[in-house]
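A short worksheet on the structure shown next.
Residue indices begin at 1 and follow the sequence shown.
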Amino acid sequence: MVDLDSLLTDLAAESAALETLVVELPEADWARPTPAPGWTIAHQIAHLAWTDHVATLAATDADAFAESIRHAASDPHGFIDRGATEFLAPAPGLLDRWRASRAALDRALRGVPSGVKLPWYGTRMSATSMATARIMETWAHGEDVADALGVTRTPTARLRHVAYLGARTVGHAFASHGRPVPDSPVRVELAGPDGESWQFGPADAADRVSGPALDFCLLVTQRRHHTDLALVAVGPVATEWLGIAQVFAGPPGPGRQPAEGRRPAATP
């Protein structure tokens with residue numbers, strides 16, 4: 001099991017990698033549209049700042065976080081957009097806001113007693129789970145920013161955190177899409193960015209997904225359509241899962257449409 005300090009170190013590194021993409025952008029480029037409908041690069045960074053802020057509340061101020069839950073319940077399909085909009089600011093101020101929220105969350109998670117579960121939207125999680133989720137979301141929104149800038153990022157070993165969450169959320173994906181949660185487990189076998197092999201799930205599972213770790217992470221964060229990825233699914237549960245994979249909490253997103261010019265999906 002990865003310890004909290006290592007996770008927070010990786011979260012800081014993932015955040016810093018994204019910051020390098022935006023720190024020297026001209027003000028006008030912050031208004032570039034990203035693949036998320038209606039969201040600019042500024043919206044992506046504002047969303048991360050807002051989410052770090054509410055995660056800090058979850059760790060430090062139960063009453064304030066409960067209020068954010070009530071706001072979310074009153075607008076379940078719009079509260080995320082609203083949070084990003086509320087945290088928008090001109091580029092220098094937005095960067096400062098994001099840096100401050102990152103630092104505050106780091107301090108807050110380090111102060112969570114062992115064994116304590118933090119409230120979150122529809123669930124509760126440990127400080128280590130919260131840190132892992134923040135790595136996942138920072139990487140995913142960083143991918144949106146990279147797409148907007150036409151930049152191809154080099155994958156790192158930090159993707160293992162994203163892949164781990166993706167493999168653990170098979171049932172969540174089915175439930176979020178209103179489908180029966182399967183009884184059959186899924187084995188996930190991935191090739192990491194440095195050639196290492198990552199495996200999740202029972203070795204004897206009949207249902208399997210295999211392929212590059214980067215492609216799997218793009219799948220579960222809904223940053224690419226599954227037909228644009230070099231992933232192989234074996235078995236009915238694994239095959240259905242490719243079309244609905246969703247690592248993030250909340251209602252199912254629309255996902256991405258198939259894109260021309262990317263490599264075709266592999267077949268068993």
(request) Answer yes if Phe200 and Ile244 sit in the same cluster of Ile, Leu, Val, Met, Phe, Trp and Tyr residues linked by side chain heavy atoms under 4.5 Å apart, and no otherwise. (result) yes

(message) If hydrophobic clusters are built from ILVMFWY residues whose side chains come within less than 4.5 Å, do Leu218 and Leu21 share one?
(response) no

(request) Quick one: closest heavy-atom pair of Ala131 and Leu7, and the distance? (result) CB-CB, 3.9 Å

(request) Check Val181 against Ala175 and note the closest heavy-atom contact, atom names and distance. (result) CG2-CB, 4.0 Å

(request) Starting at OG1 of Thr56, measure out to CZ of Arg102 and round the result to the nearest 0.5 Å. (result) 12.5 Å

(request) Of all the heavy-atom pairs spanning Phe174 and Val237, show the shortest one and how long it is. (result) CZ-O, 3.8 Å

(request) Rounded to the nearest 0.5 Å, what's the gap from NE2 on His47 to CH2 on Trp98? Could you check? (result) 12.0 Å

(message) Can you tell me how far apart CG (Leu214) and CH2 (Trp139) are? Round to the nearest 0.5 Å.
(response) 5.5 Å

(request) Can you measure from CZ (Arg153) to CG (Leu159) and round to the nearest 0.5 angstrom? (result) 8.5 Å

(message) Taking atom CZ as the centre, does Arg256 end up with more than 12 heavy-atom neighbours from other residues, nucleotides or ligands that are less than 6.0 angstrom away?
(response) yes

(message) side-chain contact (heavy atoms from CB on, under 4.5 Å) for Glu14 and His161? Distances and angles first, verdict last.
(response) CA-CA 11 Å; Glu14 194 63 46; His161 303 304; over 6 Å; no

(request) State the CZ-CG distance between Arg134 and Leu8, to the nearest 0.5 angstrom. (result) 12.0 Å

(request) Sequence neighbours left out, what passes side chain to side chain contact (heavy atoms under 4.5 Å, CB included) with Arg82? Give chain and number order. (result) His71, Asp75, Phe79, Glu86

(message) Please tell me whether Phe248 and Trp120 form a close aromatic pair, meaning their ring centres lie under 6.0 Å apart.
(response) no

(message) If I compare all heavy atoms of Leu18 with all of Gly142, which pair ends up nearest, and what's the gap?
(response) CD1-CA, 3.7 Å

(message) Strictly below 4.0 Å, N to O, side chains only: are Asp147 and Arg224 in salt-bridge contact?
(response) yes

(message) Hydrophobic clustering (ILVMFWY, side-chain heavy atoms < 4.5 Å, transitive) - are Ile41 and Leu88 grouped together?
(response) no

(request) Could you walk me through whether Asp5 and Arg110 pass salt bridge (Lys or Arg N to Asp or Glu O under 4.0 Å), step by step? (result) CA-CA 8 Å; Asp5 185 67; Arg110 291 182 189 279; 2.9 Å; yes

(message) If hydrophobic clusters are built from ILVMFWY residues whose side chains come within less than 4.5 Å, do Leu94 and Ile80 share one?
(response) no

(message) Starting from Leu242, can I reach Val170 by hopping between I/L/V/M/F/W/Y residues whose side chains sit under 4.5 Å apart?
(response) yes

(request) Search all heavy atoms of Ala163 against all heavy atoms of Trp198 and return the closest pair with its distance. (result) CB-CE3, 4.2 Å

(request) Examine distances only and state if a side-chain atom of Asp215 and a backbone atom of Ala230 form a donor-acceptor pair shorter than 3.5 Å. (result) yes

(message) Can you classify the ring geometry of His53 versus Phe87 as parallel (below 30°), tilted (30 to 60°) or perpendicular (above 60°)?
(response) tilted

(request) Give a yes or no on whether the backbone of Thr221 and the side-chain of Arg223 come within a donor-acceptor separation of less than 3.5 Å. (result) yes

(message) Under 3.5 Å, is there a donor on one side chain and an acceptor on the other for Thr34 and Gln44?
(response) yes

(message) Checking Gln257 against His225 for the side-chain contact (heavy atoms from CB on, under 4.5 Å) test, could you report, in this order, the C-alpha distance in whole Å, the side-chain angles of both residues, the deciding distance, and whether it holds?
(response) CA-CA 6 Å; Gln257 295 301 307; His225 192 272; 5.7 Å; no

(request) Decide side-chain contact (heavy atoms from CB on, under 4.5 Å) for Leu109 and Leu118; before the verdict, give the C-alpha distance in whole Å, the side-chain angles of both, and the deciding distance to 0.1 Å. (result) CA-CA 10 Å; Leu109 292 182; Leu118 305 176; 3.9 Å; yes

(request) Can you see which heavy atom on Ser126 is nearest to which on Lys117, and at what distance? (result) N-CD, 3.8 Å

(message) Taking Phe65's backbone N and O only, do any of them form a donor-acceptor pair with Ser68's side chain (distance below 3.5 Å, no angle check)?
(response) yes

(message) Taking atom CD as the centre, does Glu24 end up with more than 12 heavy-atom neighbours from other residues, nucleotides or ligands that are less than 6.0 angstrom away?
(response) no

(message) What's the separation between atom CZ in Arg208 and atom CD in Gln199, rounded to the nearest 0.5 Å?
(response) 10.0 Å

(request) Look at the side chain of Asp144 and the backbone N and O of Pro35, then say whether any donor-acceptor pair between them is shorter than 3.5 Å. (result) no

(message) Assess the residue pair Thr138 and Leu48 against the criterion (side-chain contact (heavy atoms from CB on, under 4.5 Å)); give the C-alpha distance rounded to whole Å, side-chain angles, the decisive distance to 0.1 Å, and a yes or no.
(response) CA-CA 7 Å; Thr138 302; Leu48 291 174; 4.2 Å; yes

(message) Determine whether Arg160 and Glu196 satisfy the following criterion, salt bridge (Lys or Arg N to Asp or Glu O under 4.0 Å), listing intermediate values before the conclusion.
(response) CA-CA 11 Å; Arg160 187 179 179 91; Glu196 67 275 30; over 6 Å; no

